[in-house]
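One structure is given here, and the rest of the page talks about it.
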Amino acid sequence: MLIHAVLGFSVLETLVLAALLLAWADRVAGARLLAAFLIGISLWMVGNELPNWLGPETELVAMRLLATAPFTSALFFHFCTVFCRVDLGRWGVAVAYALGATASVVSIILVPGHLIHHRDIGFIAVADPVGTIASMAWVILGIGGVAVLLLALLRARRSGDGQKFRQIAAVTASCLWGLLCLAGYGIAVLDLPIYPFPLLGLPLYSLILVYGILRYGVFVANAWARRALVWALLLALGAVVLALTPLLPFESRWLGGLAVAASVLALNGPVRRVAERLVYPGGEVSIADLGAWRNALLSAETPEALAQQAATLLSARIGTQVEVQIGAPSASTTPSTSSAPSTPPGSTPQLVCTPGEQGWQTTLQGWDAAPPGPRHVAELFGTVVAEAAARVEQAQQFAARERERQLQARLAELGALAATVAHDIRNPLNIISMAVAAAPSDTRREVADQVARIANLTHDLLDFAKPWKLVPRELDLAAHVRNAALRLPDVTLGVGLAQPLVLQADPRRVDQALTNLLENARIAMASEADGVEAAPATHSPVHIDAETTDNAVLLHICDAGPGVPDEIKSRLFEPFASRSPGGTGLGLAIVARIMAAHGGSVALTERPPWSTCFTLRFPLTTTQRLP
């Protein structure tokens with residue numbers, strides 16, 4: 001009978017959809033729970049149909065399959081909480097599973113019902129008292145899951161999260177459709193004098209549920225939906241034409257078939273466009289749309305903010321989650337003048353905007369499954385994103401130039417002040433040194449140390465404040481490090497310095513940065529030797545090593561001193577922030593300025609067992625990068 005064929009197809013379809021969910025489990029919250037729920041639904045449908053397929057002697061097996069319904073409802077409830085991000089705590093979910101599992105186990109042991117024969121369906125299960133009690137359990141869990149969906153639906157609407165609202169609405173709609181389909185069993189059990197036609201819609205239940213969730217997360221799902229809708233519409237059109245052929249003044253099977261074929265071919269294009277507009281709404285772009293996109297992207301001030309805003313706009317327009325990337329592509333991205341190579345099915349489509357010789361350009365990745373309409377929207381949207389990216393880049397360049405201008409102005413003022421102070425302080429220092437010439441040796445030593453501190457501060461202040469430019473040339477960083485390490489005893493060199501590290505840099509400034517860091521390490525180790533804690537016996541006090549990445553050389557200078565106090569970590573590279581009592585607080589600021597001038601950086605990093613480690617990052621040019 002028709003109903004049995006439909007239910008058999010529904011079982012197969014539900015299992016296939018569960019397999020798809022497991023394949024795309026990383027794209028949907030709670031996908032594995034939903035797949036388990038669909039498998040439970042399949043078991044329930046098999047339990048209903050098994051007596052009709054194999055005969056009434058399978059009654060006991062069928063009843064036990066039907067007894068799994070409460071546990072399946074517990075899976076549905078758990079999926080709703082995960083999908084809607086509702087935190088009920090461990091105990092809330094545990095209570096649901098306990099209720100479902102207990103009801104299922106009791107029903108399996110005591111058998112929940114028996115079979116009766118219906119004129120339209122054949123054998124159908126009717127609940128006994130045990131089955132009625134078990135049914136109450138799955139009804140309670142089902143109502144609980146729907147309640148979670150409705151609450152999340154209201155929350156998504158209030159928050160303005162349109163994509164989440166539509167996903168939850170699709171799941172809620174599928175639940176209502178499932179209840180409508182189950183009314184067919186109610187018609188049969190109550191023996192109403194009508195055909196249980198609602199059961200014929202049961203295959204759509206799993207389809208609506210799964211597609212409603214994947215609709216905004218898996219691009220390929222939309223492509224399949226469009227193709228399925230096109231074939232369904234064309235089949236319906238052919239059926240209508242075939243039904244109208246008897247109205248022709250003559251009868252011919254050949255002419256009837258020809259009329260069907262001609263109608264389908266003639267209307268194939270319009271039907272595809274209709275299906276495309278239904279699955280991908282908003283496929284046409286107007287001048288007003290372009291203006292609205294430009295205005296919406298004006299608020300973005302950084303590439304990250306622009307990417308996020310653009311992804312939100314494009315995803316909302318085509319009804320599918322899209323990622324937007326602004327700037328240098330990732331390792332897997334290979335932009336070209338056309339669409340990038342195909343990406344694996346199920347991956348999120350991307351719009352990649354990168355700078356080129358002729359300005360910013362956009363390319364599409366993972367759009368192979370998209371029909372022309374959404375691709376056209378994405379391409380036009382990409383031109384607006386490219387304009388916005390150019391604007392953001394210009395704004396950032398202007399801001400950087402303005403910051404540099406202000407910095408140079410401040411440094412010029414500081415340099416003038418430092419030169420005046422240095423000039424005015426030398427004579428008093430000389431007088432102080434001469435005045436203590438006849439003093440005891442301890443007094444002379446203390447005064448000499450303090451005079452040296454003031455002189456060092458004056459020297460560092462002048463060096464930090466005066467303007468200077470890099471004179472880069474090709475140098476071997478490893479050789480420079482080995483030479484600098486000779487100035488400090490008890491230094492070990494890592495294996496990364498055993499081979500040449502050739503890069504473009506200013507040798508004088510690189511030596512200055514190394515000297516400042518090694519001097520910091522020497523002072524830190526001297527402070528540690530006078531303090532309460534000694535350096536690790538199994539390690540040298542200072543260790544230097546290097547490593548090469550795809551686009552940079554990293555130089556690590558570590559020591560086993562007392563470490564950097566937490567209160568100055570956030571401003572360690574600012575002027576006058578020092579980790580040692582005798583420091584001027586300008587050494588690290590000078591290092592940071594030198595590295596920034598090279599296009600690199602300096603950072604405080606963690607490399608156990610060392611207490612302090614500074615990492616210098618020297619960028620490599622394209623011709624310097626290792627193959």
Side-chain angles (χ1 to χ4, degrees), residues 24 26-27 163 214-224 226 276 279-287 289-397 550-551 621-622 625:
W24 292 329
D26 59 331
R27 307 298 306 280
Q163 176 176 318
L214 299 182
R215 170 74 173 89
Y216 304 98
V218 180
F219 198 81
V220 176
N222 296 316
W224 290 349
R226 182 181 68 97
E276 182 177 314
V279 176
Y280 301 96
E284 297 178 356
V285 178
S286 64
I287 299 297
D289 293 328
L290 295 174
W293 288 339
R294 289 190 178 96
N295 291 333
L297 296 178
L298 282 176
S299 60
E301 298 181 354
T302 63
E304 294 76 14
L306 177 61
Q308 183 176 4
Q309 181 71 8
T312 301
L313 289 173
L314 185 56
S315 299
R317 180 55 186 265
I318 68 172
T320 298
Q321 184 64 36
V322 178
E323 292 180 2
V324 176
Q325 182 177 311
I326 307 295
S330 60
S332 60
T333 304
T334 309
S336 61
T337 55
S338 61
S339 297
S342 302
T343 54
S347 60
T348 303
Q350 294 182 336
L351 187 149
V352 181
C353 185
T354 53
E357 295 181 356
Q358 315 216 341
W360 286 82
Q361 299 176 346
T362 56
T363 56
L364 302 180
Q365 288 190 4
W367 291 75
D368 299 316
R375 287 182 63 90
H376 180 61
V377 172
E379 289 168 354
L380 291 177
F381 184 80
T383 61
V384 179
V385 173
E387 295 174 6
R391 176 187 57 78
V392 170
E393 180 186 37
Q394 292 174 356
Q396 288 190 320
Q397 290 175 350
D550 291 338
N551 55 11
T621 62
T622 304
R625 293 176 188 173

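Heavy-atom basis, side chains included; hydrogens, waters and symmetry copies ignored.
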So how far is it from Q394 CD to Q397 CD, rounded to the nearest 0.5 Å?
-> 7.0 Å
Distance, nearest 0.5 Å, that separates CD of Q308 from OG1 of T302 | 9.0 Å
Without swapping roles, check the side chain of R294 against the backbone of E387 for a donor-acceptor pair under 3.5 Å.
-> no
Between the CG atom in L297 and the CZ atom in R391, the distance rounded to the nearest 0.5 Å is 7.5 Å
Could you grab the distance from atom CZ of F381 to atom CG of L351, nearest 0.5 Å is fine?
-> 7.5 Å
Short side-chain to backbone donor-acceptor contact, T383 and L380, under 3.5 Å | yes
Interatomic distance, CG@L306 vs CG@L298, rounded to 0.5 Å, equals 10.5 Å
Heavy-atom closest pair, residues A305 and A300 | C-CB, 4.0 Å
Using a 4.5 Å cut-off on heavy atoms from C-beta on, say whether the side chain of L364 contacts that of P349.
-> no
Answer yes or no: are there more than 12 heavy-atom neighbours, outside Q396 itself, under 6.0 Å from its atom CD?
-> yes
Taking every non-hydrogen atom, the tightest pair across A310 and V385 | CB-CG2, 4.0 Å
Heavy atoms, side chains only, cut-off 4.5 Å: are W360 and I326 in contact?
-> yes
Can you tell me if T362 uses its side chain to pair, donor with acceptor, with the backbone of C353 under 3.5 Å?
-> no
